[in-house]
Structures are given as structure tokens and as C-alpha cells.
There are 2 protein chains.
Amino acid sequence: MSGPRPFANALEMLRSAGLRPTRQRLALARLLFDKADRHVTAEQLHGEAVSAAVPVSLATVYNTLHQFIGAGLLREVVVNPGRSYFDTNVSDHHHFFLEESGRLVDIPGDRIDVSNVPLPPAGTAIRRVDVIIRVERDED
Amino acid sequence: MSGPRPFANALEMLRSAGLRPTRQRLALARLLFDKADRHVTAEQLHGEAVSAAVPVSLATVYNTLHQFIGAGLLREVVVNPGRSYFDTNVSDHHHFFLEESGRLVDIPGDRIDVSNVPLPPAGTAIRRVDVIIRVERDED
DNA sequence: TCAATAGATTAGACAAATTCTAAAGAAGCG
DNA sequence: CGCTTCTTTAGAATTTGTCTAATCTATTGA
């Protein structure tokens, strides 16, 4: 759905990112990338790690998530004030956001067109375009 | 830039919204709407009120901002985890976000096209489409 | 005008998410 | 193995925003 994963396993992925393959980082990488594209919060991921009997603190989860973002392995999605989602899909795409449930749904980049974009303010260059389509329960 | 303001003054605006025109709400409405389109945080607005010798607590600033949102006088823009911007422009439009400075710049709705939007997930309806163009300082 | 009342404001406590700090632990390297 | 560097961690601190209970104020109608 978002192209082949570039890494055969977590160890290789961490090595390529220049991050020491510690027990915590290996476990978090597996939790994040072994399944399909995911949108997780730090608390969620920490809960999964604890459930999987991986000894890891919440501070380390935050550290690791930010290191993964820095390495381009992960993307942050901001839809809600006061809570961040971390998206394992780093290809070009956008999101539906279901406000009631807090769920994010990917929209592949080629399934939506953003065109006629004006020039960015003087002295700046576009880094990323985020389209967030906020949806609500349909009264049927 | 965003059409004529629908209200001649703050008093009339609050009345139409069914909100008692208290000293605090009147002052905050003037700070927000007397100038051109603005993007402010709650802390910023509180600071402005205090500077203008308006006695108002931060709690009231938050209450008032949310009441104004409920009345359709204001819109919340979410671009940064852990901080909300309140936008006095409620017409159809989008934003450039300058990450380094935290500044928002309006993009009129008719200056950008979002097309070919896929159907929302079953049982949901689109409430709003937000386009956030993240820009960074251009290395010239 | 004035008292009654419904609604508004406030200080300060509280809450949630995230970051920081300083100390202890683990990796990598010779 | 021992040294050095990087990592993890508990817990404190920070930040943003909300809640509570008491006080205050706008409105209303006699």
C-alpha cells in the first residue's frame, strides 16, 4: 500500500540510520514497522511495548520516536492540539481524520490533487504539504 | 482580504452570538477583530489584554475563545503539537506555516485547488478540509 | 431603581503530554 | 578487559489547557 519496506529487518534499519541497535530501539522498531502502516501515539506504543514485556520507559519511547523522525523512518501528524500521532508511512500521502474516534486514515498521494498552490512567502521554500480532511459521523 | 466584517462593533457581534457583552468579552473581541485577520495563541491574547489594562484571567481568555469558536466567529488552526492558534478569518482558506518562527500566513480559498478528493470512510461526512503548507527558510 | 437570579469571571488547583536532568547501564573499540 | 561514548531511566519540571468553587456582574421585571 505504501511501497516495499526498504529494510529487511529492524537491525539493518537502525544501522543505516546510524543508531545503535539497543534492545529498546529494536523492540520499538519491530512494533512500529512489522505491521502495516500505523498511526500511533507515544502512550500507545509504550503500552504495546510494556504488554510485550519489553522494558522501556516513556522517555525512551519519545526519544526513539524523535530519532526515527530525524532518520526519515517516521512522520509526525498534527491534527489535535495536545497529542501527536506518529505515522509509519513516510511516502507522499494525506489523511482523513475522524474527530470522534481520533482515528487517522491514509489517503495515498496520487488519490488527491493539490494544485494552483501560490508561491510561498519570500525567503521560504515549501517543505511539505499536509492535507487533513476532518470528517464526522454521518447522520443517516 | 476576507470580505467585509459582518459586525459594525463588538457589542452587536456579541449580542448576535447570544453572549452577554461583558467587559472582558468586549475587550477581547476588539483586540481580536479590530485589526486585520489575525492568528493568535491564548497566551498572546491574554498578554495583549493585560498590556491594554484589561483585567482578564487566562481562564476567561480560553473560555471566550471557545465561545467565539462555537459562535462561528473564530476558527482553531492546529499545526503544532501542544499549542493552538485561533484564526479570526473564518472564510474558506488555508495556511502557510513558517515552522521556524511559528507564523501562519493565510492562503485564500480561491488561490488553491484541492480536487479529486476520495470518498470519506463509510458512515462519515466531510466537515472541513485543511491544507497546511509547511515552509522553511530558503537557503539562498 | 432595585433586588433576585442566571450567567460570567477568577485564582488556584488540577490534568495531560512532553521534555529535562543527572545518574546508572549498555555498546563498541582497541 | 577496560575505556569511552552513547543510551536509558526515574522522577522532576514544564507547558498548555481545563476544572472548581467562590465571588462578581448583567439582566430582568416589579
Side-chain angles (χ1 to χ4, degrees), chain A residues 10-31 39-50 52-71 73-74 76-87 102 104, chain B residues 10-31 39-50 52-71 73-86 102 104:
Chain A
L11 188 75
E12 188 190 338
M13 189 172 94
L14 292 176
R15 287 251 160 77
S16 300
L19 296 168
R20 280 190 189 173
T22 64
R23 181 188 338 283
Q24 286 82 356
R25 293 208 270 235
L26 280 167
L28 294 176
R30 289 198 194 99
L31 286 171
H39 306 97
V40 296
T41 65
E43 290 279 0
Q44 261 171 39
L45 183 60
H46 182 243
E48 289 181 20
V50 167
V54 176
V56 63
S57 69
L58 189 55
T60 296
V61 171
Y62 277 107
N63 289 343
T64 303
L65 287 170
H66 288 140
Q67 289 153 355
F68 285 7
I69 287 175
L73 301 170
L74 219 50
E76 192 172 3
V77 182
V78 183
V79 283
N80 240 353
R83 164 158 287 163
S84 276
Y85 290 82
F86 299 89
D87 186 348
L104 283 165
Chain B
L11 188 74
E12 188 189 337
M13 189 173 96
L14 292 176
R15 287 252 162 75
S16 301
L19 296 169
R20 282 193 188 174
T22 64
R23 182 189 336 287
Q24 287 80 359
R25 292 207 271 234
L26 281 167
L28 294 176
R30 290 197 194 99
L31 286 171
H39 306 96
V40 298
T41 65
E43 291 278 0
Q44 262 171 37
L45 184 60
H46 182 244
E48 289 181 20
V50 168
V54 176
V56 63
S57 69
L58 188 56
T60 296
V61 171
Y62 276 108
N63 288 341
T64 303
L65 287 170
H66 288 141
Q67 290 152 357
F68 285 7
I69 287 175
L73 301 170
L74 220 51
R75 215 173 93 169
E76 192 172 4
V77 182
V78 182
V79 284
N80 241 353
R83 163 158 286 164
S84 274
Y85 290 82
F86 298 89
L104 282 165

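Convention: sequence-line order gives letters A, B, ...; per-chain numbering from 1. All figures in this text were calculated on a predicted structure; none of them were measured in a lab.
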Winner on side-chain proximity to B/Y62, out of C/dT10, D/dT9, D/dG17, is D/dG17
Counting heavy atoms from C-beta on, name the nucleotide in C/dA17, D/dT8, C/dA27 closest to the side chain of A/R83.
C/dA17
Using every non-hydrogen atom in the two residues, find where A/L28 and A/A49 come nearest and quote the distance to one decimal.
CD2-CB, 4.2 Å
Can you tell me if B/Q24 touches the phosphate of D/dT25, counting only side-chain N or O atoms and a distance under 4.0 Å to OP1 or OP2?
no
Results of ring pair (Phe, Tyr, Trp, His ring centres under 6.0 Å) for A/H39 - residues two or more places apart only
A/H95
Shortest non-hydrogen contact between B/L14 and B/P21, atoms and distance
CD1-CA, 3.7 Å
Nearest to side-chain heavy atoms of B/A59, which nucleotide of D/dA26, D/dT9, C/dT10
C/dT10
Nearest whole Å is fine: how far is D/dA13 P from A/L58 CG?
18 Å
Tell me what A/R20 touches on the nucleic acid: a base, only sugar-phosphate, or nothing, going by heavy atoms under 4.0 Å.
base
Using heavy atoms to find the nearest nucleotide of DNA chain D for B/E76 and B/P21 separately, return the residue whose nucleotide is more 5′.
B/E76
Reckon B/R23 has a side-chain N or O less than 4.0 Å from the OP1 or OP2 of C/dT9?
no
Under 4.0 Å, heavy atoms only, any strand: does B/T41 hit a base, just the sugar-phosphate, or nothing?
nothing
Just to confirm, is there a sub-4.0 Å distance from OP1 or OP2 of C/dT9 to any side-chain nitrogen or oxygen of B/T22?
yes
Taking only N and O in the side chain of A/H66, is any of them less than 4.0 Å away from OP1 or OP2 of C/dT19?
yes
For residues B/A42 and B/V61, report the shortest heavy-atom separation together with the two atoms involved.
O-CG1, 3.7 Å
Whole-Å gap separating C1' (D/dT7) and CG (A/L14)
13 Å
Between B/P81 and B/P55, which has a closest nucleotide on DNA chain C that is more 5'?
B/P55
When you match B/R15 and B/F86 each to their closest nucleotide on DNA chain D, which lands nearer the 5' end?
B/F86
